[in-house]
Every structure is written in C-alpha cells, then in structure tokens.
Amino acid sequence: MIPAQFDYLAPTTVEEALAALAQHGDEAKILAGGQSLLPVLRMRLNAPEMVIDLGKITSLRGVRDDGDAIVVGAMTQHSVVGSDPLVAEHAALVSKAVEHLADAQIRHRGTFGGALAHADPAGDLGAPTLALGAQFVVQGPSGTRTVPADEFFVDLFETAIGEDEILVAVRLPKHTGWGAHYEKFVRVAHQWPIVAVAAAVRVEGGTIAEARIGLTNMGSTPMRAHAVEQALVGQPATADGVREAASRAAEGTNPPSDLNGDADYRRHLATVLTRRAVLTAAGATG
Amino acid sequence: MTATEARPESEAPEREIGKDRRRKEDQRLITGRTRWTDNIQLPGMLHLAMVRSPFAHARITAIDTSEAKQSPNVVDVVTGQDLAETQGVLINAWPITPDQKTPTHLPVAIDRVAFAGEVVAVVVARSAAEARDAAELVDVDYEELPAALDLKDAAADTVLAHPDLGSNKSAYWVFDSAEAGTGSNVEDAITQARDGGIVLEREYRQQRLIPAFMEPRSTVVDPTGEQLTVWSATQIPHILRFALAATTGIPESKLRVIAPDVGGGFGGKLQTTPEEWITVALARRTGKPVKYTETRSESLMAAHHGRDQWQKLTLSADREGNVTGLKVELLADLGAYVSLVGGGVPVLGAFMFNAIYKFPAYHFAVQTVLTNKTWTDAYRGAGRPEATFAIERIMDELAAEVGVDPLEIREHNWIKHEEFPFTTVAGLEYDSGNYEAATARAKELFGYDELRAEQRRRRESGDPVQLGLGVSTFTEMCGLAPSRVLGQLDYGAGGWEHASVRMLATGKVEVVTGVSAHGQGHETAFSQIVADRLGVPFEDVEVLHGDTQVSAKGLDTYGSRSLVVGGEALVKATDKVVEKAKAVAAHLLEASADDLDFSGGRFSVRGTDQGLAIQEIAGAVFAAHNLPDGMEPSLDSDATYDPVNFNYPHGTHLCAMEVDTETGELTMRKYVCVDDIGNVINPLIVSGQVHGGLVQGIAQALWEEAVYDDSGTLVSGSFVDYLLPTAADTISFEVDHTTTPSLTNTLGTKGVGEAGTIASTPAVVNAVVDAVRHLGITDIRMPCTPERVWRAIQDAGSGQEPTTGAAAPHFDASTGMEGTVDRTAGDAQ
Ligand SMILES: Cc1cc2nc3c(=O)[nH]c(=O)nc-3n(C[C@H](O)[C@H](O)[C@H](O)COP(=O)(O)OP(=O)(O)OC[C@H]3O[C@@H](n4cnc5c(N)ncnc54)[C@H](O)[C@@H]3O)c2cc1C
C-alpha cells in the first residue's frame, strides 16, 4: 500500500491554495483529513502529481455563530463538530450524525468539509446537511459563492465544487428547539451506513409542525424525503401518527445493491428507519 | 560449597501454575518495539513487489518487463520462466488419498494462472516504493479462460480449474464405522428410521473465510553468510525449513529459518507460501538480502483462505430423539491448489461430527474440489468448527422435530461422565470429560429458564423483537498429534514435540521449545510451568523459540498443540534436569539420593535441616570442581514427546440473540460458556484465548465472508467489505470452567486455542434460528446478515438467496476523478 510519488504543498492561506490549484489544474488534489484521499492514493486508484494540504490554513477551522446560521469551517474535524455546543444547540441533527461517523481515530482526523466534498453517497454528513438546508461556501479565483444543499450534491463522488475551487465553509441554518435524530443502520460498529435517516422535527403540543428528513445511501446522492416531510405535518408525534407518513420514505429513491443489501431491502429499511428516526427526534418512542 | 540452612516455609516460591500472570511478552508486542520481520533492515537489502494476476483463470501469452526494468533503482524483474527450476515448488504435505489430483504449484506461474492474485512476475528494487512503481509497468498479456468458481458446479466438472487434470475432483476420502468396526451400518439405520422414526436431511454452507491475522506476511532472506537465513512471519519455522530444503535443493544444514515475533496467524500462517519461495529465490539470484512484505489487500487476496464447504447431513433417530445414525457428505473447496495441509482440513473434521454423542452408526465422505479461487487451508479450528457447526445445528433441528428442549435432546445422546474413557463411533478414545457438569453450570450462569420464559412472553405478545436461545455442546480433538495416527492418515510428518532446558551458571534457566508462538503467550505460560517444576523464580526463566539454530527440533504451533504436546515435552525435559541435579545434590550433601526431597527448588535431606537450592547446584555443575565420578558436567536436558492420544476439551456454550423482525437486525443479548480445558496454567491467558476465539466464531456466524463475483474477483478485498468485528461489536462474555483433568499428559491440561471458535458459531446461529423458528424458519445461511434474516422472515422460507456480488465503492472515484475502478482490468494489488 504505497502511493505513487507526488509533490506536496502546504499553503497557509486559501489564496495560496487556490493559486496552486490553478497552476496544477487536474494534476492536483486537495488534502483535508486524508481519511478518504489517502486510501485512494495507497490503493493506487488515483495518482495526482500534486497534493495540496489545507491543514495549515487556520482560517478554515472552527465553528462560529453567524446570526441565523452556524458556520462550520471546512477543515474542522468531525470530533470538534461533534462536541461543539453551538452545533448541538442549533443544528443537533449534525451532532447526532457525527456521533456515529466512523471511529474515534477517523473522527479525529477527518474533516467536515472533506467528507462533504468527497460526496460518498454512504457518507453520514450529506443527509443531515441536506435536510437542514445547509449553504456551501465555495471559493474560487473569482471569489466566493454559496451553493444551496440541494444543488451541491451532483452525483456519486461529485459535487458542485469547481475544479479550481475549494469548499471553505458550510452554513447550517439554525434549527433551535427542533428535535433531531440520526438513525444509522450498520452491521458492524464503524461502518458506512447501509441506510441511514436524518430527521429533524418541530413539535407543537404533541403535533408535528414541521419535519425535515434526509436519506443516506438511498441513491447516488443524499436525498430529501419530501413526501414524508409533507405527510408528517399535522400528525400526532406517535407511532401510529408517523407510521403512514414514514411508509413513503423510499418514494423516488434509487438505492444501490451491494454486499450489505439489495435495493428492495434498502427501500424497506428506509421506511422503518424513518419511522424510528422521526419518533426519536420527536421525543416519542415506538 | 556448603550446605545451607533450611529456608523458612514462607520463602518457598509461590505456586506459579494457576496464577493470573500478565504476559511477559506483551510490552514488546503491543508497542511494536520488537523484531517483527518487517522491522528487520539489513545492509544493502533489496525489496520485492509482486505482479499478480487480475484474472481467476487465464493463459499468460506474453510478459513484457522492459519498461519496468528501466524504472529508477530497479535491479531486476523476473518471470516464472526466468526463475524456472530455481524457484522450487510448493508442497502438499497431506495427500489424503493415494490417487489425489494435485496440480503442480509453482511460486511464480509460468504459462497459466489459476486464481486472481497469483504471482506472475516479481520486481526487485532498492526500495519498496520503487519496486511497487515498477510493478505497475510490467505488461502482461492474458488470454482469459473459463473459471471454475461455484463449488457445486466445479464438483460437477462443468468448467475445469486445471484443464490438464481432466477433473476438478481432487480426492474422495471416506470413513465408515461399519467398515472400521467402530459402529454399525448407517444405511441400515436410516432405512429403519424412515419407517416410523425420524430422518432429518439438511444441507449447511460453510462460507469462505479469511484468517485476517494482524501482521501481514513478511519474509526477509539473507544469503550473505554460510547459511541462508530466512526470517518469516510464519507459524511453522521448522516445517518451512524442511520444505525449503526438500524442494529447492538447499541442504537443510545450510538453512536457518527464524520466526521472530509473529503477529497472529489463526492457521493463516500454517503455510509454506509462494512469497517465501520467491524471496529465497531472489536472494540467491541477487546475492543480496531481500525483503518482501505484503500489503493488506494482497494478504486478503492471496494468503490462504479457510472453511468453504457444503455439508450434507442425514441424521436418523427414533421418535424419542435417540440418534441411530449419522451420514455426512461434504464438498470442500480447495481453491486453486492443494496447499500444505489443504485437503486434510475436512479430514480433521471427519472424527468430530459425532461430537459428544454416542451415535451407533456413522459414515463420513468428503470430496475435495479444485476451483479457480484462492487456495484454502487451516483456519482456527481447521475442520472441527465445520463439524461442530453441522452437528450442533442438526441436533437443534432434531430437538424441534421431537418437540423437546435442545439441551434435553443432547442429554439423551451424550456420553455420560461415568462412561469415560469412551471409544467413539469414529474410533477415538475420549479420555475424560463431564458434559453434565459443564451444561449445568452454563445453564445456571445463563439463567436459562428465565430466558426461555421471556422468549415465550415475547412470542405471545407478538413483540417485533424476538428472542432466541442457542446451544452448542462441543468437543474437539486437539493436541496434534500422535505420529502413528498421522501416519495412518497419510500425513507427511509426525506430531511429536521437542523441548530442552538449560541451567545457566548464574541459576537462570533457558528453555527452548519447538513450538512457535505467534501471540499465544507461550513465554509466560511455559515460564510458569518451569518455575514451578524447578522451583525457580518466574522471572528467571527465559523461553526461546522460533529459530531453527536455537530450537533445532520442533513441529511448531497449530491445532491447540503447544501446551498439551509442547508443554509435556517441556515437563519431561525439566524432570530430567531435576533428576541430574539430584545426583549432584546427593553427592554434595553426602546423602543418599533416596533420602532427598525436592520441593520449592530445594533438595533437602529428609529429617535434617541440610539442603541445597537448584541454583547452587547449577553453579557447582558449572564449576565442575566436585561432581560425582563419571558425571558429565551438565544439568541440561531435552525431551522429545510423541503424544499417546489427541486431547479433548469440551464445553457448553449458550447464546441469547435478539432478532428485530422489522429489519432483520441481530443483537447479542448474552453469551455464556463453560469450557472444560482440564487444569489451567494461566487463567488470564486462557480467558484471552476464549474471548478471542469466541469473537472469531461469532464473526463467522454474523459478519465474515469472502465473496467473489462472477468473474472470480474477490469482492470483499478490503476491510470495508470483509467485516472483521471489533470490541465495539461484541458484548461482555461470561466465561467459566469445569475441570476434569486430561489423563494423557502430566499437567492434566487440554487445548484452549481453538475452543471458542469451534463452539461459538453454532451457538449463535442456533439462537438466531430459535428466535424465528415459530415463523416457520429452520435455517439462515451464514453470515446471518440482517438482510438474510429479514428475507427469511419475508419468505418464511430458507433464506438461501444469493448475496449480490458487488461492493459499494467508498474510495474508488474520489472527487473530480471519474468512473469506478474496474478491478478486473488493472493490476490488482
Ligand atoms: C475506515 C473508514 C471508515 C469510515 N467510515 C465513515 C462513516 O461511517 N461515515 C462517513 O460519513 N464517513 C466515513 N469515513 C470517511 C470519513 O468521514 C472521511 O473523513 C471523509 O470522507 C473525508 O474527509 P477528509 O477530511 O479525511 O478528506 P480527504 O480524504 O482529505 O479528502 C476527501 C476528498 O475531498 C476533497 N476535498 C477535501 N477537502 C476539500 C475542500 N475543502 N475543498 C474541495 N475538495 C476537498 C479531496 O481532494 C478528496 O478528493 C470513513 C473513512 C475510513 C477510512
């Protein structure tokens, strides 16, 4: 497991990183936590000539409050996001998803931006960010632009980040007071989910007032379960109230078939896990 | 030298055997500050990288190494043709029948490859990275051939794995109790049972597993001295030396093989490997030290696999559930070659299907089959887990058929404690055991009756989470093995073991053993044994092993043999030291040897306060100033011990599993095991062996499977898809013991290295099936994935659907790079 030879740069500013990216074009790869990139290099599935490490750009790290949103720097490690009180208070769905992402070692090195830029449909961060309507802040030679979550994930391992751009931050709109739960189905503990459901709900007097549901690994990108979200509104936060709505979770999905399960099994799982995620998010059991 | 005063009682060394000693080897093993093979750096050392076939079966039409040879710091690039006879050949040490079909197994293939991962060319370079870079540049042309992949199809010879052999059927081996005179005729029993009795016919699948030891295989060869020195991450340095000598023409006396610290094996390093032969060949060719260390991907793909059988069982019984006969028909997948013990693995299981039971009639037949997959061989338990799984599964089916508790059906049929020693229908003599005691203790610890009550409640209330209880009452034959029996089975070597004990001048003790630890803790356990028998401090005993120039004789470590065979050799050698020392003590104390007592490391003259410590005698023998006339100035002794029988640990394992009927998710609720492994030398080590063994067996039941796609590519080729459990996936096990000492070794010990693995798999699957049996389910194929469980519930059928032959990519196409990787097209590593 030895990667092919490559050159290495560790710029200290985003501008330097962008300049290097512009110079080396598609011969360059961005290195964040390396938890996905290094296996790719070591298995020689890819052999970039230049690796640009963002690790020294301190401005890309950290979590801050920005009024109506919590802003997470792209290079903030999973472990930091997972224990951040602002995220826990205003975007609890993300905290819950990070809790079961990979294992402690990987959470310590892997980054929020790296995971989202990698865009593995089985990655745990796509569904919660999509469900919360996150905004992806991307910087390129001509400045900064913001991509809404539903345009960010393009396909398997493909995002709206341009070849000459870097993801610098993710804005998580505040969902203060919402109940949240990430229901992840795995065979062994530190595994990518076979299917996972991210659910955030606002409950008013025992009735679901608003719901946001994201699905992991039910297609080539993370997906919103819009049909479920709509059907939940006005339902009592009880097993019976949620069951009917949750049964629509697989509508419009296109899950893969692989060693962990065929597509029809995943569709079935999505409905059960959605019900459970919503009920737990709503503070009910069942 | 004067006789010293008697020591007060309190100073006598504390008994070591039975003590929870922490392992003395662990600090260096865990920190890695030790001599792992890959840590070895020699002056001028060269490095190898293998070019491996991406195809399961193909003709090699051309190999162009020219570009690779131009790559920086490449010393040589060789093909099988280049090495020709100098590479030697890999042997099968256990041809199970005289007419076994055994394809020639060359380290580097010359004109045809028979599995994906087979080596076709080797790069030698000044660094491992440069070797790897150049390996990418070797251009191999293949003409793909149809591959024999499915075991049943291969057994029908639909496609030939080795066309020149004319058939995939390698050997057909039979044991029949009527013919052997150890029991009656099974066909009669079955015929009789068809009329009013019970006949159960079941087919079970032992999936293919990968040993997945922690340290990848690594070999360093230094040709620069008088002897060729080979360091290898192997379980079997002595066998490796013998096999290298036998097949390469290097005289055995010119070969030194060292297994330094070795990071696990589980049978996976009970092998003589192409990579070892290649490293030897290239060290000789270049005249330089050479190293090869495999990658994890290579290890999963090309180190031998385990299990992989279809097991057809026919069990006959009367209406009360007394078994009258058992017929076993196996298909065993050898993979592409018949490896060192490959074909013998199912034969080791042949004696264990009757397990702890008094079956009157037994017939066993195995057909070993060649396919175009990675070759198979021993994996923890080797043959016995397969047998135990099948019999313990079908005993549960019999209980269900008769309508009694699974423990009751076992009690009907098992050997009672007063019936030992017992000669089984397979012809083995079990020396000791007490199945009633182990079972009673396990039931009590488990809370069996309460759990059964909870199971009833959940069924009645229609709880979406159902509870199942699984039983496995296992025994195994270990302590390989009486040489005479191995001879009868046509195994190519014996089963004895060797030990020597050296008393140093300073009173320290060096112990040399022929077994070869690779994580078991022999250094600690053997030190405890010697400390007790010689009465010296534990810290003063040094255990040496794994280097054929230090440990000149030995047959290495596998089959739970190290303690029960190697330990016995050690006891015998130690006792000889004491005998020799006694003569010296008598001389120095001017007493008759008959008047001497030896205890706590001291010879004392009975009825007096005169005595000498064994260390003092060692010093006196070193000086040799005053020894009995004609006595050699040495206390050092050795012993070679050939076991008189196998060794038969047993135990009762109980497992409770929760099944989420909505998703098929399985959760282990409770696991209790009560093993009878005779007298225990070190409870802590035993506990470690049992815990690790249990997890490996549970992993077969729930998680692990080597899956190939339709073209013969290993899909579960990384730990993303080959699901090895970690501590996070298991619960806290309750481990206890009952003790009936073995009667065939001095210490009364029984093997424990494989027990957990052998016993746990059926306990788990029985529990899973038990949880959903009321839904009409009688089997779920291993590994019992949530999807299989869910489908079984959906179909209330057999759950025999195939697993989709693909793996989800998590790394393949990293952002910005397109397409998934076609593993069959590139250079698979
Ligand atoms: C054994 C294992 C188990 C795992 N299990 C899980 C799991 O259960 N759930 C889960 O969600 N993930 C899992 N992961 C992946 C983990 O979350 C990674 O941390 C993550 O996918 C990549 O983050 P990284 O910071 O390591 O990025 P890197 O590996 O450094 O980069 C990943 C990709 O993103 C690009 N990239 C990185 N940062 C940027 C940026 N700022 N702008 C543009 N492009 C960028 C890189 O060029 C590269 O292509 C697992 C990984 C491993 C090794």
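Below, chain A is the first sequence line, B the second, and so on; all start at residue 1.
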Checklist entry - Hey, are the side chains of B/D133 and A/R44 touching, using non-hydrogen atoms and a 4.5 Å cut-off? => result yes
Checklist entry - Taking all atoms of both residues into account, what is the closest heavy-atom pair of B/S716 and A/L259, and its distance? => result CB-CD1, 4.4 Å
Checklist entry - B/T663 and A/L269: side-chain contact (heavy atoms from CB on, under 4.5 Å), yes or no, with the steps? => result CA-CA 6 Å; B/T663 60; A/L269 277 182; 3.8 Å; yes
Checklist entry - Do you know the tightest heavy-atom contact between A/R243 and B/E662? => result NH1-OE2, 4.4 Å
Checklist entry - Can you name the salt bridge (charged side-chain N to carboxylate O under 4.0 Å, His left out) partners of B/R669, sequence neighbours left out? => result B/E454, B/E658
Checklist outcome for this item: Honestly, the part of B/A49 sitting under 4.5 Å from a heavy atom of chain A is neither
Checklist entry - Among all residues two or more places apart in sequence or in another chain, which pass the salt bridge (charged side-chain N to carboxylate O under 4.0 Å, His left out) test with B/E215? => result B/K269
Next on the checklist: Given heavy-atom pairs under 4.5 angstrom as the criterion, report whether the side chain, backbone, both or neither of B/W790 touches chain A.
Outcome noted: side chain
Checklist entry - A/R187 side chain to B/T785 main-chain N or O, any donor-acceptor pair under 3.5 Å? => result no
Next on the checklist: For the CD atom of B/E787 and the CG atom of A/D258, what is their distance to the nearest 0.5 Å?
Outcome noted: 9.0 Å
Checklist outcome for this item: When the 4.5 angstrom heavy-atom criterion is applied to B/P783 and chain A, the contacting part is side chain
Next on the checklist: Other residues, nucleotides and ligands only: do more than 12 of their heavy atoms fall within 6.0 Å of NZ on B/K291?
Outcome noted: yes
Item to check | Distance in Å, B/R132 CZ paired with A/Q5 CD, rounded so as to fall on 0.5 Å steps | outcome: 15.0 Å
Item to check | Minimum heavy-atom distance between A/R276 and B/D660, given as atom pair plus value | outcome: NH2-OD2, 2.8 Å
Checklist entry - So which part of B/E665 gets closer than 4.5 Å to some heavy atom of chain A, the side chain, the backbone, both or neither? => result both
Item to check | Residue, of B/A129, B/P725, B/A728, B/P786, that accumulates the most heavy atom pairs under 4.5 Å with chain A | outcome: B/P786
Item to check | Atom CZ of B/R458: over 12 foreign heavy atoms under 6.0 Å | outcome: yes
Item to check | Inter-residue atom distance B/R296.CZ - A/M43.CE, 0.5 Å rounding | outcome: 13.5 Å
Item to check | Verdict with supporting geometry, B/R791 and A/D262, side-chain contact (heavy atoms from CB on, under 4.5 Å) | outcome: CA-CA 11 Å; B/R791 276 190 207 286; A/D262 279 346; 3.5 Å; yes
Next on the checklist: Between B/L666 and chain A, with a heavy-atom cut-off of 4.5 Å, which part of the residue counts as in contact: side chain, backbone, both or neither?
Outcome noted: neither
Checklist entry - Considering only heavy atoms, which portion of A/V272 lies under 4.5 Å from any heavy atom of chain B: side chain, backbone, both, or neither? => result side chain
